[in-house]
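What follows is a set of notes on a single structure, which appears directly below.
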2 protein chains.
Amino acid sequence: MFKDLNPILHSQLRLAVVSILITVKEAEFTYLKEKTNATAGNLSVQINKLKEAGYIEVVKSFKDNYPQTICKITPQGVQAFEEYVKDLQTYLNIKK
Amino acid sequence: MFKDLNPILHSQLRLAVVSILITVKEAEFTYLKEKTNATAGNLSVQINKLKEAGYIEVVKSFKDNYPQTICKITPQGVQAFEEYVKDLQTYLNIKK
DNA sequence: GTAAACTAGTTTATTTTATAAACCAAATGA
DNA sequence: TCATTTGGTTTATAAAATAAACTAGTTTAC
């Protein structure tokens, strides 16, 4: 009946990050922070979890002398997100 | 951009319970346990949280000599669920 | 009639998560 | 130069989910 929801994506902040990355393909840490209203610490932790899960790719470099962290979604990330959205439907089945 | 998700509903088990109660209006503890595949302990805890939030009503009685716990959704529960589903859309906006 | 197994839960303890607070290294500005 | 800001990370704390243990009673089998 109810499909298990991917716990990595069933988190408000991680879901927001993946949601953004699905549409923009690439985003800076600061951009994600602004769009999600997350604290830097929280975002840092959650980005690492997404990276460890293989859902995003993180590239660190420097831009205008400042450190810069760029995140991109991976094919696994896209797939996991689509699966999550599909699974979620079973919980929201008011639309019949 | 991203609306905050109701933390009481953003939980797999509680969401499943509310989802069921939205469609059946009334359900026994044992029925919910079977449908959600939850352990009794976990279900007991989560039912209490939903009750404390005012999202469900819990009536205890006896049936065939055994204790029986019946849960029903409240108007606030229905409203919170609908709001949650709506808020969730902002995270899933792949459909444009 | 009494021990073993089962029903229907609750409570407590443990693990996992989420979040906040504190920190770091470097850059900028007064 | 030293206080502030940027762009983070690490560590500590709070909250949540989950499991394990327990309660209270019932049924079944001897």
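Protein chains get the first letters and strands the later ones, always in sequence-line order, with residue 1 at the start of each. Only this structure's heavy atoms are used, side chains among them; waters, hydrogens and symmetry mates stay out.
The interatomic distance linking B:N42 (CG) with C:dA13 (C1') rounds to 14 Å, in whole Å. Computed from coordinates, the A:N6 CG to C:dT17 P distance equals 11 Å when rounded to whole Å.
Heavy atoms of B:T69 sit under 4.0 angstrom from primed sugar atoms or phosphate atoms, though from no base atom.
Considering only heavy atoms from C-beta on, A:K72 stays 4.5 Å or farther from A:L21 through its side chain. The shortest side-chain heavy-atom distance between A:L15 and A:F81 falls under the 4.5 Å cut-off.
Expressed to the nearest 0.5 Å, how far CG of B:L5 lies from CG of A:L13 amounts to 11.0 Å.
Counting heavy-atom neighbours within 6.0 Å of A:Q79 CD, excluding the residue itself, gives a total of 12 or less.
With hydrogens and angles ignored, the 3.5 Å screen pairs a side-chain donor or acceptor of B:Y91 with a backbone N or O of B:K3. In this structure, B:S11 contributes its side chain and B:I8 its backbone to no donor-acceptor pair below 3.5 Å.
The nearest pair of heavy atoms linking B:Q12 to A:D4 is OE1-OD1, 2.9 Å. In this structure, B:A27 and B:V24 approach most closely via the heavy-atom pair CB-CG2, 4.0 Å. The two atoms that bring A:I22 and A:V78 nearest to each other are CD1-CA, 4.0 Å, heavy atoms only. For A:F62 against A:P67, the heavy-atom pair with the smallest separation is CD2-N, 3.5 Å.
For residues 24-41 of chain B, proximity to DNA chain C is found at B:F29, B:T30, B:A40, B:G41, defined as any non-hydrogen atom under 4.0 angstrom from a strand atom. Remark: B:S11, B:R14 in residues 10-19 of chain B come within less than 4.0 Å of DNA chain D through at least one heavy atom.
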Would you give me the side-chain donor-acceptor pairs under 3.5 Å for residues 29-37 of chain A, sequence neighbours excluded?
from  : atom 1 : to    : atom 2 : distance (Å)
A:T30 : OG1    : A:E28 : OE1    : 3.3
A:T36 : OG1    : A:L32 : O      : 2.6
A:T36 : OG1    : A:A38 : N      : 3.4

Less than 3.5 Å apart, which donor and acceptor atoms pair up between the side chains of residues 44-60 of chain A and the rest of the protein, not counting sequence neighbours?
from  : atom 1 : to    : atom 2 : distance (Å)
A:Q46 : OE1    : A:R14 : NH1    : 2.4
A:Q46 : NE2    : A:N42 : OD1    : 3.0
A:Y55 : OH     : A:N6  : ND2    : 2.9

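Placement of A:V85 and B:F2 within a single hydrophobic cluster is found when ILVMFWY residues are connected by side-chain heavy-atom separations under 4.5 Å, directly or transitively.
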Classify every nucleotide of nucleotides 25-30 of chain C by which part a protein heavy atom approaches to under 4.0 Å, writing B for the base, S for the sugar-phosphate alone and - for neither, in 5'-to-3' order.
--SS--
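From the 5' end on, the contacts that DNA chain D makes with chain A at under 4.0 Å to a non-hydrogen atom open and close at D:dT6 to D:dT10.
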